[in-house]
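Notes to accompany the following structure.
Computed from a predicted structure; not experimentally measured. Here is the naming used below: chain letters follow the sequence lines, and residue numbers restart at 1 for every chain.
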Amino acid sequence: MKTYIKDLSTHKDSVVTLQGWVQNKRESKALIFIILRDGSGFCQCIADLAVLGDIKFAEASKLGQESSISITGKVVEDTRQIGGFEIHVQSIDIVQNCADYPIANKEHGIEFLMDQRHLWLRSKRQWAIMRVRNTVIFSIHKFFQKEGFVQMDAPIFTGNAAEGTTDLFETDFYGQPAYLSQSGQLYGEAMAMAMGKIYTFGPTFRSEKSKTRRHLSEFWMIEPEMAFHDIYDNMDCIEDFVRYVVKEVLENCKVELELLERDTTILEKTVEPFIRLTYDNAVAIIKGEQEVEGQTTIAVLEQDLADTKANIASLKADIAEREEKIAAGGMKKGQVNFNLNTIDKNKNQIKQLEEDERNIPQWLDSAKNFTYGEDFGGSDETVLTRMFDVPVMVYDWPHEVKAFYLKRNPENPRFARGVDMLAPEGYGEVVGGGERETNEQMLIEKINEHKLPMEVFEWYLDLRRFGSVPHAGFGLGLERLIAWICKLPHVRETIPFPRMYGRLNP
RNA sequence: GCCUCAUUAGCUCAGUUGGUUAGAGCGACGGACUGUUAAUCCGCAGGUCCCAGGUUCGAGUCCUGGAUGGGGCGCCA
C-alpha cells in the first residue's frame, strides 16, 4: 500500500515513504528544504546533513526542480505547513535528477505558459483547477444519477447543423462531408422519449473565430433532456443542478479553493433562490430604465469606470513612490528587488485595468443603446449580472433570435420559451436551454424560416408524430462553469489541453 | 470578419524629444550564509531590439506592409 501526501494526518509520528517530484527546493550548508508534490498534495521535507551523510546530502542538494524522487522519513506535525505536516527525511532515492525546468517560480506570460502546458499542469494553481474540474464532473454525474436520469452518448460525427448559424468543423466521412458535433440536443430529445430523463456529457466543437475569455473551439457540454417538463420545471432543474455542483465543490475542494484564493462568499450565496427575469424585464434593467435595489446599470457601470480610473492612478502613484525611494539610494539589495518586483506586478495590473478602462465605456454605450428584440451580447450579460450576486435566469425571448426548436409561449407567441442562466461576477452565459416545440407544423415553418435542409430533420419530426409530449432541457458549458467557480480570468485554464482559435499544440 | 493593445536576454519588463558601447530583476552557473516558505548576500555569463521595406547624417524609438500574441465586438456554452 502506497502512502500519499493527502493522507499524512493518519500517519502522524510514523515513518513513511513518499514518491513524487521536487516542486521547489531551498538549501543551506546543513539543511535542505524540499517541497515534494505527489499529485495528491504538497509537503515540505527537511533533509539534515547529520542524518543523510556527506555523499547523500551532496546528491540531494544538486536536485533540480521537478526531479523525481522517493523519500522516506518521519511524519511530524507543523501547523506552519500547507497540509499541517512535514517530513523529517531519513533517506532519499533519486529516480531522475533533472535540470533547467522551464517554468520558474515567478510570473510568466500566458503565451509561454500555454506553450509549456504539458508541464504547466504540474504547478499549484493548475493542480487545484484540475482537481476542481474533477469534482465538478463527478458531482454532475452524481446529481443526474440520483435524480433518475440516464446518461447517453450523442454522436460526434453529424451530417447536419442543429442551428445553422454556428461555424462547424468539417471532416471527411468516407467521401462525404461530416461535421463535428456542436450539440447533442436533438439526439437527446429522441433518447428522452425512450428513457424519460437523459443527459449527455460529451465534447462539442465550434469553429467560431472568437478570441475572448469565454471561448474554446473544443469544450465539454452537459445536455439534460426531460419528457413531460415545461419551461418552469426546466428552470427548477437548472437551479437545483447548479446549486448541487457548487455545494459539492465547496465541501470537497476546500484546499483547492484556498490555493486559488477564491472568495467563496458568492458561491455560498447559491443556496438562495436564483433570480428569474423575463426578457422584457431584463432589457429594462440593462437599458437602465429599471432599478435594482435602488441603482441603475448605468450608475453602477459609471461607478465601476470611476473606480477603475482611481485604481490606475493609485497604482501609478505607488510605482512613482517606489521608484523615487530606489533612486534615493541607501536601500538594501533585497529591498530594492522587492520593490522592483512590486512595480512589475503593479504594471501588469495597470495593463489589465487599462483594458477595462477601454471596455467599460463600450459596454455602457452598448447597454444604453440596446435595441429591444435583439439577443444579448457578452457585455449585456456582464452588465446585467453585475446587478445581482446570485445566478440570473432570463426566459421568454423574442422567437426570432432563438433556435428553431424552441416552443412559442402559447399566451404570447412573440416569445420563445428559451432560458439562459448567467453566472454572477461577469461570467455570463453558462447555461442555455428551454422548452421544445411540440407542434410539427410550427417546427416545419421554423426550419424553413431558418433555411435549413428539411430532409435531414425528418427523423426529428418523427418525434412529433409519435407520442409527442411537452419536454425541455438545457446545455451547460463545463469550462465556463469551472471558470466561474474558480474565478479564473479565462476558460483556457479549466481544460487540460485547450483547443482554441490560434492554439492546437501541445 | 471588425476594433484595440502589444512584440527588447531563457522568463518578466525598463529604455525620455530619434543621438556614443541597449539596462534591471528573476532564472541558470560559481561561492557565502541561514528552520527556510518565490529565502538572503557576493560574483559571473547571457541580445538577429518579431520580419521586410521606407524617412533620416543617425532608428529599439518615426512611417508603411506583414507575422504572432493579449483583450473586446459579432456569434455562442
Which nucleotide wins on minimum distance to the side chain of A:N24, given the candidates B:C76, B:A38, B:G69?
B:A38

A cation-pi test, strictly: NZ or CZ of A:R243 under 6.0 Å from the centre of the six-membered ring of A:F143 and no more than 45 degrees from its axis. Yes or no?
no

Could you tell me how far B:C49 sits from B:A24 if I compare only their C1' atoms? Round to whole Å.
16 Å

Decide, yes or no, whether a salt bridge links A:K309 with A:D304 under the criterion of side-chain N to carboxylate O below 4.0 Å.
no

In whole angstroms, how far is the P atom of B:U37 from the CD1 atom of A:I34?
16 Å

Checking base pairs now: Watson-Crick or wobble, both atom distances under 3.5 Å. What partners B:C33?
none

Answer yes or no: side-chain N or O of A:E374 and base N or O of B:G74 forming a donor-acceptor pair under 3.5 Å.
no

With a 4.0 Å cut-off, would you call A:K487 and A:E425 a salt bridge?
yes

Just checking A:V431: base, sugar-phosphate only, or nothing, at a heavy-atom cut-off of under 4.0 Å?
sugar-phosphate

When you check the phosphate oxygens OP1 and OP2 of B:G69, does a side-chain N or O of A:R492 lie under 4.0 Å from one of them?
no

Does a nitrogen or oxygen in the side chain of A:W363 sit under 4.0 Å from OP1 or OP2 of B:C73?
yes

Quick one: A:L488 CG to B:G70 C1', roughly how many Å, whole number?
17 Å

Compare the minimum distances between each of B:A77, B:C11, B:G35 and the side chain of A:M221, then state the nucleotide with the smallest one.
B:A77

Any side-chain N or O of A:K211 less than 4.0 Å from the OP1 or OP2 oxygen of B:G71?
no

Of the nucleotides B:G71, B:G74, B:A77, which has the atom closest to the A:L216 side chain?
B:A77

Between A:H215 and A:Y501, ring centroids under 6.0 Å
no

In whole angstroms, how far is the C1' atom of B:G30 from the NZ atom of A:K62?
11 Å

Identify whether any heavy atom of A:G428 sits under 4.0 Å from a base atom; if not, whether one sits that close to sugar-phosphate; answer base, sugar-phosphate or nothing.
nothing

If you find the nucleotide of RNA chain B closest to A:G432 and the one closest to A:G378, which residue's nucleotide is nearer the 5' end?
A:G378

How long is the line joining CD1 of A:I32 and C1' of B:G35, in whole Å?
14 Å

Say we look at B:A77 and B:A6: how far apart would their C1' atoms be, to the nearest angstrom?
29 Å

Checking N1-N3 plus N6-O4 or O6-N4 for Watson-Crick, or N1-O2 and O6-N3 for wobble, each under 3.5 Å, the partner of B:U17 is none

Between A:Y179 and A:F205, does the ring centre distance come in under 6.0 Å?
no

For nucleotides B:G10 and B:A28, find the distance between their P atoms and express it as a whole number of Å.
15 Å

Whether A:F33 stacks on the six-membered ring of B:G35 base, 5.5 Å and 30° limits
no

Roughly how many Å apart are B:U8 and B:C62, using the P atom of each and rounding to a whole number?
15 Å

What integer number of Å spans the P atoms of B:C2 and B:A45?
49 Å

For A:I35 and B:A38, give me the distance from atom CD1 to atom P, rounded to whole Å.
9 Å

Is any side-chain nitrogen or oxygen of A:R206 closer than 4.0 Å to OP1 or OP2 of B:C75?
no

Applying a 4.0 Å non-hydrogen cut-off, can you work out what A:Q44 is touching in the nucleic acid: base, sugar-phosphate, or nothing?
base

Nearest-Å distance once atom C1' is located in both B:G1 and B:G58
42 Å

Using the C1' atom on both, measure B:G60 against B:C42 and round to a whole Å.
32 Å

Could you tell me whether the side chain of A:S379 has a donor or acceptor atom within less than 3.5 Å of a complementary atom in the base of B:G72?
no

Distance criterion of 3.5 Å, no angle test: do you see the side chain of A:H108 paired donor-to-acceptor with the base of B:C11?
no

From C-beta outward on A:R480, which listed nucleotide comes closest to its side chain: B:U36, B:G72, B:A77?
B:A77

Taking a pair to mean Watson-Crick or G-U wobble geometry with both distances below 3.5 Å, B:G69 pairs with B:C5

Only pairs with both distances under 3.5 Å count, Watson-Crick or wobble alike; so what is the partner of B:A28 in this structure?
none

Closest nucleotide among B:G1, B:A77, B:C73 to the A:E208 side chain
B:A77

Watson-Crick or G-U wobble partner for B:C62, using a 3.5 Å limit on both distances?
B:G54

Centroid-to-centroid, A:F144 to A:F241, below 6.0 Å?
yes

Is A:E256 paired with A:R262 through a side-chain N to carboxylate O contact shorter than 4.0 Å?
no

Backbone of A:I222 reached by a side-chain donor or acceptor of A:T200 within 3.5 Å:
no

Which nucleotide sits closest to the side chain of A:F112: B:A77, B:G74, B:U12?
B:U12

Do the side-chain N or O atoms of A:R213 get closer than 4.0 angstrom to the phosphate oxygens (OP1, OP2) of B:C76?
no

Position toward the 5' end of RNA chain B (nearest nucleotide), A:L476 or A:L31
A:L31

Determine the contact category for A:E86: base if any of its heavy atoms lies under 4.0 Å from a base atom, sugar-phosphate if only primed atoms, P, OP1 or OP2 are that close, otherwise nothing.
base

Looking only at atom C1', what distance separates B:G23 and B:C75, rounded to whole Å?
45 Å

Listed nucleotide nearest any side-chain atom of A:E111, set B:G35, B:C76, B:G69:
B:G69

Side-chain N or O of A:N359 less than 4.0 angstrom from OP1 or OP2 on B:C5?
no

Identify whether NZ of Lys or CZ of Arg in A:K124 sits under 6.0 Å from the centre of the six-membered ring of A:F42 and within 45° of that ring's axis.
yes

